[in-house]
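Notes follow once the structure below has been shown.
First the proteins, then the strands, lettered A, B, ... as listed; each starts at 1.
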Number of protein chains: 2
Amino acid sequence: MKRPLATIKDIARELKVSPSTVSRALKDHPDISKETKRAVNELARKMNYQPNALAISLKYQKSNTIGVIIPEIVHYFFSSVISGIEDVAYDAGINVIICQSNERYDREVANVKTLLANQVDGILMSVSKETEDFRHLEYIRQNQVPLVFYDRIIPGFVTDQVIIDDFEAAYQATKHLTDTGRKKIAHFAGPQNLLLGRQRKAGYQKAISEAGLTTGDELIFNTDSFEKAHLTILDILNKKTEIDGLFAVNDLTAIGAMKTLLKHGVKIPQDVAIVGFSDGRLSGITDPSLTSVDQHGYEMGSAATEMLLRRITSQKDYPAETRILNANLIVRESSEI
Amino acid sequence: MKRPLATIKDIARELKVSPSTVSRALKDHPDISKETKRAVNELARKMNYQPNALAISLKYQKSNTIGVIIPEIVHYFFSSVISGIEDVAYDAGINVIICQSNERYDREVANVKTLLANQVDGILMSVSKETEDFRHLEYIRQNQVPLVFYDRIIPGFVTDQVIIDDFEAAYQATKHLTDTGRKKIAHFAGPQNLLLGRQRKAGYQKAISEAGLTTGDELIFNTDSFEKAHLTILDILNKKTEIDGLFAVNDLTAIGAMKTLLKHGVKIPQDVAIVGFSDGRLSGITDPSLTSVDQHGYEMGSAATEMLLRRITSQKDYPAETRILNANLIVRESSEI
DNA sequence: ATGAAAGCGCTAACAA
DNA sequence: TTGTTAGCGCTTTCAT
């Protein structure tokens, strides 16, 4: 009953030629006669012959496959990164194995092992939030498997990487608020153990001080989720802390803040202008729509993949590269005038 | 310079034993002496030995890998499906190769070929919107590779499948509106060439007629996007078509409608109650938050994977199964009272 | 123009 | 307790 995929042997047997002849005929080798080629190709089609990629990978010691380690696929940003990776890889005839670390270190280590066991030709990764030990990365390097970081990097670990200029983007976002006359601009900041959180805060601070405004900590809140934003806003309203602008570390936070402000009769953008940092497609659909930094996940994925493929195919070694994509501000209703 | 992954041979050579001894020692075979095992395992650890999964797959004629064909990863629903798939597969020690069809037939066919070439043990797929020819699916079947459809199925193509009861969900969603006293309930319907579009519309119609309301076509609109919803609402307002409820085929459409209605001073939910069909995390963040059907993408992914793994490991054949997940309505502000 | 043989890394039946 | 050998599917060098 079981009728597994046809192999070169099957074709050879049927045609009473040797496997090597079939192999050559299939790749249009000049030595093989027209007649044989015709017969082989015809039968191959008829038998739905599909070369066994595993055998080829084993033979050539390369799998035409790259591995991706992603923290959590259910974030729009990361899924669009994957989309960019997939498209570039597909065009190059490269397969992609995707592993989720779910932001856990142990999973990440297991992912690395899986990918290496499967002989991937290269790895794209964004480190998990938990990762603080780099032995698994050294391990990748020992095995001479090219590694490209995207989005989240490890300062000091030298390898190709493509990142967003979080500092600059945050600076531009905040500057947009100061430029439009806001004077009391709050920042809802992300975790300060993540580079991203620190850089966005630093960008905010630079714009604030450039505008000659005070950067006292009383307008900076550790608030990075929809729910926390709700609570922080309540607190701000209670204490009657005056604000006329807000730059939030991500869109959900910005939207949570906006919703709570609106509920309390605060007008957006008249009373408070709000800028987020894009998590995805949320910014366009809120009311008012949200001014936000677009992170270009797709471009990040495609750029990282191009770097990796270049590294894989390159004969000679060359220094690690860092590609910085600039994220641009998209002004929408929440900060207009 | 190039120091590839250590192999069993390397270990054998170093220890002056045969590769088979190493192989057995590594899998704790009872025949091997404690001493040898110890030495082998120690050296293996030191050399960072990682079994070559390709070689093992080739040997055993099974790859411990399943393939997933997904229309577009950047939809929250699909990415949460993948998350469910990944988790179950990970727990079973199975790898996952993900391919995007990007809703294109030719890509889908290429994906199938790639997966078969890579000797996947099974395939999970949601057919693309373009797919109308099933030869590639027959091809999967010929090769005896188990196939499970999730979410989107092909009526008449018999295989394991897990779907959502769109009809029932739409019925419940609409019934919620009639139960709360709405009398003029519009439906913004999806493409009627997709089963999903037809079923959601049919569910709507059942609830409407059960409530003794008219199901005239004047309240059904082919409107399935944020932008189209905006235009359709403008049209409704212009023509002064009276509505006090709306069931939309997806959340984005519902949100587009809500935003435009609010802009024109229509109160939600007082004047018009709105129910969507979940695309993801949008429903919770709008203002008012949106009542919506939760599609449970994660559960769909994990259920489909369980079905597939069961099929793969099963010795004997059994009839194709259809698992219907019920999507449940989550009532939020847009339809309260 | 075609075939035989070896080998990629691993395992397992069979020998010793 | 360990080694030898053959084979998974494919390619390629070296014969013929």
Cationic tip of B:R323 above B:Y150 ring, under 6.0 Å, 45° of axis:
no
### Message
Both conditions, 6.0 Å and 45 degrees, for the charged tip of A:R141 above the ring of A:F134: are they met here?
### Response
no
Minimal heavy-atom distance between B:I98 and B:E86, with the atoms involved, is CD1-OE2, 4.4 Å
Note: contacts of residues 19-29 of chain A with DNA chain C (heavy atom, under 4.0 Å) are A:S20, A:T21, A:R24
Overall bend of the helix from C:dA1-D:dT16 to C:dA16-D:dT1 (five pairs an end, 10° steps) is 60°
_Run A:S33 and A:T36 through side chain to side chain donor-acceptor pair (under 3.5 Å) and show every step you take._
CA-CA 5 Å; A:S33 74; A:T36 310; 2.7 Å; yes
TODO: Using a cut-off of strictly less than 4.0 Å, decide whether B:K9 has a side-chain nitrogen or oxygen near OP1 or OP2 of C:dC8.
DONE: yes
Between A:R310 and A:E321, does a side chain to side chain contact (heavy atoms under 4.5 Å, CB included) hold up when you go through it step by step? CA-CA 11 Å; A:R310 181 160 160 242; A:E321 293 174 348; 3.0 Å; yes
- request: Please check if atom NZ in A:K37 has more than 12 non-hydrogen atoms from other residues, nucleotides or ligands closer than 6.0 Å.
  value: yes
Using only heavy-atom distances, determine whether the side chains of A:S80 and A:S83 contain a donor-acceptor pair under 3.5 Å. no
Under 4.0 Å: is that the gap between some side-chain N or O of B:Y60 and OP1 or OP2 of C:dA12?
yes
Under a 4.0 Å heavy-atom criterion, DNA chain D is touched by chain B from D:dT1 to D:dG9
